[in-house]
Amino acid sequence: MNSQICENLAQVRKNIEEACRSVNRDPSEVELVAVSKTKPVSMLQEAYDAGQRAFGENKVQEILEKQPVLPVDIKWHMIGHLQRNKVRQVIDKACLIHSVDSMRLAACIEEEAARKGLVVPVLLEVNVAEEDTKYGFHTAELFSVVDEILRFSHLELRGLMTIAPFVANPEQNRGIFRQLKKISIDIAEKNNNNNIMETLSMGMTGDYQVAIQEGATIVRVGTGIFGEREYHI
Ligand SMILES: *Cc1c(COP(=O)(O)O)cnc(C)c1O
């Protein structure tokens, strides 16, 4: 058991390197976030011992429970839908909120960050495939959303995130990833600012290699490191 997580991590890192090499990207451009939602701290500790430092959770409660009992140099990524009444608890604990999916949420983070004297790094979640079941901005509204977000002085816009559809063949999601990359370039150009779009969080266990080939700078891998989850969220 001990070595399984270690082995999985090594395999995922190798796959990341290969995907980078296949498109002449430097592997240091791609950060692996180990998605540890629903998994016990013992498993996170194993991944930590194997060198992993970035972990992703989709519930504020889990970050609050796990953070105090694990090493302090872990970087926690908030990747799940964030309720406004939980913002206060998480903004000083997550290094990056991937899932800003509405202007109301953005405004709430701005307000709480101002109150705490913080500047909070965020990504805008984009529902590229326009699935009814998914959170996120639609691509058509993104330019005006970015304009509004840039007026908030306590949010630091770093880029975009998407959760691609669940598909049998990762190639089916290539177009989605390519679209997100293109939008990020268009936004950076329009605002004459590359920094606001330096991060593209896309790709999960089933499709991270394809996402990397299309420009991902963060991949979020759960099952591929920790195994299947007991329940699916
Ligand atoms: C659960 C989750 C992941 C990881 O999914 P796997 O298929 O287990 O790799 C990635 N991103 C988000 C937003 C998630 O909720």
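Atoms within a ligand are numbered from 1 in the order they appear, just like the ligands themselves.
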Next item on the list: Test E111 against R115 for salt bridge (Lys or Arg N to Asp or Glu O under 4.0 Å), laying out the working first.
Entry: CA-CA 6 Å; E111 191 181 320; R115 187 170 301 167; 3.4 Å; yes
Checklist line | Nearest heavy-atom neighbours spanning N8 and I225 | finding: ND2-O, 2.9 Å
Margin query: Can you list everything that forms a ring-ring contact (aromatic ring centres under 6.0 Å, His included) with Y48? Sequence neighbours excluded, please.
Written below: none
Check: What atoms of ligand 1 come closer than 4.0 angstrom to any heavy atom of T223?
Finding: 6 (P), 7 (O), 8 (O), 9 (O)
Note to self: Using the side-chain hydrogen bond (donor to acceptor under 3.5 Å, both in side chains) definition, which of the options Q67, K66, K93 pairs with E57?
What the structure shows: K66
Check: For ligand 1, which atoms have a heavy atom of I79 less than 4.0 angstrom away?
Finding: 11 (N), 12 (C), 13 (C), 14 (C)
Item checked: ligand 1 to R229 polar contact by distance, N or O atoms, under 3.5 Å -> yes
Next item on the list: Output, in order, the C-alpha distance, side-chain angles, deciding distance and verdict of side-chain hydrogen bond (donor to acceptor under 3.5 Å, both in side chains) for D49 and Q45.
Entry: CA-CA 6 Å; D49 293 340; Q45 183 68 51; 3.0 Å; yes
Item checked: Distance filter under 4.0 Å to R220 heavy atoms, resulting ligand 1 atoms -> 4 (C), 9 (O), 10 (C), 11 (N), 12 (C), 13 (C)
Next item on the list: May I ask you to list the atoms of ligand 1 that are less than 4.0 angstrom from any heavy atom of V221?
Entry: 9 (O)
Check: With backbone taken as N, CA, C and O and side chain as the heavy atoms from C-beta onward, which portion of K37 lies under 4.0 Å from ligand 1: side chain, backbone, both, or neither?
Finding: side chain
Notebook entry, point to check: What heavy-atom pair brings D101 and G136 nearest, and what distance separates the two atoms?
Noted result: CB-N, 3.6 Å
Notebook entry, point to check: Are any of the N/O atoms in G222 less than 3.5 Å from those in ligand 1?
Noted result: yes
